[in-house]
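Below is one structure; the comments refer to it alone.
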Amino acid sequence: MKKLTMRTKLPFVLLPLLILSLSFGSAYRAYAHANDEAAVREALMKSALSFEKNDLAMASQVWVNDESLTIFESGHANYGWPDYRDHHLVPEMGEMKNTKYAFSDIKIHLAGKTAWATLKYTISADVLDNGKARHVDGGGLGTAVLENRNGRWRIVHWHSSAPRRAPTTPVPPKN
């Protein structure tokens, strides 16, 4: 019987080690991807909850708090956290009570330290309008871009739109 030398034993040792390390690496990447996707979803849901609760401190935990933030909502733009916070978020939170804000059909895409999500949203609230309370219901589509900054996923861009409203009075056709 032929005696195996170290040179002939090496492939039998290295090949299983190589296969094992590749499978661990692949499993770790899948695990990290799932963790990132869950963290992005959690940041989005925390954003919605902060709006429902009129909780600015909670909102500031998931939105970037610097000038890189951009918001495009219903044809209006806010640039930077101070602009969005002071001229959009705080006034909206102040005028809405009994707010329900939810996301559905969330689709998350990851690319390194960047993620983007598409979603549908619904909102209902009691709004004070010219001294009178009225109930509003709405919904639409949204896109969020998030970055992983210092180990936390933060919203850096938000774009949402609502369906066009039907005219209140029908416009007669032109002859």
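Residue numbers count from 1 along this sequence. Model, not experiment: these values are computed from the prediction.
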Using a strict threshold of under 4.0 Å (side-chain N to carboxylate O), is an ion pair present between [Y] and [X]?
{"X": "Lys97", "Y": "Asp126", "result": "no"}
{"X": "Arg85", "Y": "Asp83", "result": "no"}
{"X": "Arg41", "Y": "Asp36", "result": "no"}

Between [X] and [Y], which heavy-atom pair has the shortest distance, and what is it?
{"X": "His135", "Y": "Ser124", "result": "NE2-CB, 3.8 Å"}
{"X": "Val40", "Y": "Ala115", "result": "CG2-CB, 3.8 Å"}
{"X": "Trp153", "Y": "Gly112", "result": "CH2-O, 3.8 Å"}
{"X": "Pro163", "Y": "Gly140", "result": "CD-CA, 4.1 Å"}

Report task. Kindly indicate, with the supporting measurements, whether the criterion side chain to side chain contact (heavy atoms under 4.5 Å, CB included) is fulfilled by Ile123 and Phe51. Result -> CA-CA 10 Å; Ile123 187 166; Phe51 194 75; 3.7 Å; yes
Say you draw a straight line from [atom1] of [X] to [atom2] of [Y]; how long is it, rounded to the nearest 0.5 Å?
{"X": "Glu52", "Y": "Met93", "atom1": "CD", "atom2": "CE", "result": "10.5 Å"}
{"X": "Leu89", "Y": "Leu56", "atom1": "CG", "atom2": "CG", "result": "6.0 Å"}
{"X": "His109", "Y": "Leu146", "atom1": "NE2", "atom2": "CG", "result": "12.5 Å"}
{"X": "Asn54", "Y": "Thr99", "atom1": "CG", "atom2": "OG1", "result": "5.5 Å"}
{"X": "Phe103", "Y": "Thr122", "atom1": "CZ", "atom2": "OG1", "result": "9.0 Å"}
{"X": "Ile155", "Y": "Thr70", "atom1": "CD1", "atom2": "OG1", "result": "11.5 Å"}

Kindly indicate whether the side chain of [X], heavy atoms from C-beta on, has any atom under 4.5 Å from the side chain of [Y].
{"X": "Arg134", "Y": "Leu128", "answer": "no"}
{"X": "Glu147", "Y": "Val64", "answer": "no"}
{"X": "Arg149", "Y": "Ser68", "answer": "yes"}
{"X": "Trp116", "Y": "His157", "answer": "no"}
{"X": "Met58", "Y": "Leu49", "answer": "yes"}

Query raised in the report: Does Glu42 CD have over 12 foreign heavy atoms under 6.0 Å away?
Result: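 Open.
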Query raised in the report: Are Trp81 and Tyr79 grouped together when hydrophobic residues (ILVMFWY) are joined by side-chain heavy atoms under 4.5 angstrom apart?
Result: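 No; tracing contacts between hydrophobic side chains, which count when under 4.5 Å, never links both residues.
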Requested in this report: Report yes or no: do Ile71 and Leu141 belong to one cluster of Ile/Leu/Val/Met/Phe/Trp/Tyr joined by side chain heavy-atom distances under 4.5 Å?
Outcome: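 Unlinked, Ile71 and Leu141 end up in two clusters.
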Requested in this report: Could you check Tyr121 against Trp158 for ring-ring contact (aromatic ring centres under 6.0 Å, His included), going step by step and ending with a plain yes or no?
Outcome: CA-CA 13 Å; Tyr121 71 88; Trp158 175 265; 7.3 Å; no
Query raised in the report: When you measure from the side chain of Asn148 to the backbone N and O of Gly151, does any donor-acceptor pair fall under 3.5 Å?
Result: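 Yes, Asn148 side chain to Gly151 backbone: donor-acceptor pair under 3.5 Å.
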Report task. Give a yes or no on whether the backbone of Gln61 and the side-chain of Arg154 come within a donor-acceptor separation of less than 3.5 Å. Result ->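 Checked: pair present.
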Query raised in the report: Parallel, tilted or perpendicular for Phe72 and His159, by the 30°/60° rule?
Result: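 If you compare the ring of Phe72 with that of His159, the planes turn out perpendicular.
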Requested in this report: Fit a plane to each ring of Tyr84 and His88, take the angle between them on a 0 to 90° scale, and name the class: parallel (under 30°), tilted (30 to 60°) or perpendicular (over 60°).
Outcome: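 Tilted, since the angle between the ring planes falls between 30° and 60°.
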Query raised in the report: Are Asn78 and His76 close enough that a side-chain donor and a side-chain acceptor fall under 3.5 Å?
Result: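 His76 and Asn78 do not have a side-chain donor-acceptor pair below 3.5 Å.
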**Report entry** Ser47-Trp63 side chain donor-acceptor pair, cut-off 3.5 Å
**Finding:**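 Checked: Ser47/Trp63 side chains pair up, N/O donor to acceptor below 3.5 Å.
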Report task. Starting from the C-alpha separation in whole Å, work towards a yes-or-no answer on salt bridge (charged side-chain N to carboxylate O under 4.0 Å, His left out) for Lys100 and Asp137. Result -> CA-CA 9 Å; Lys100 298 292 178 210; Asp137 290 302; over 6 Å; no
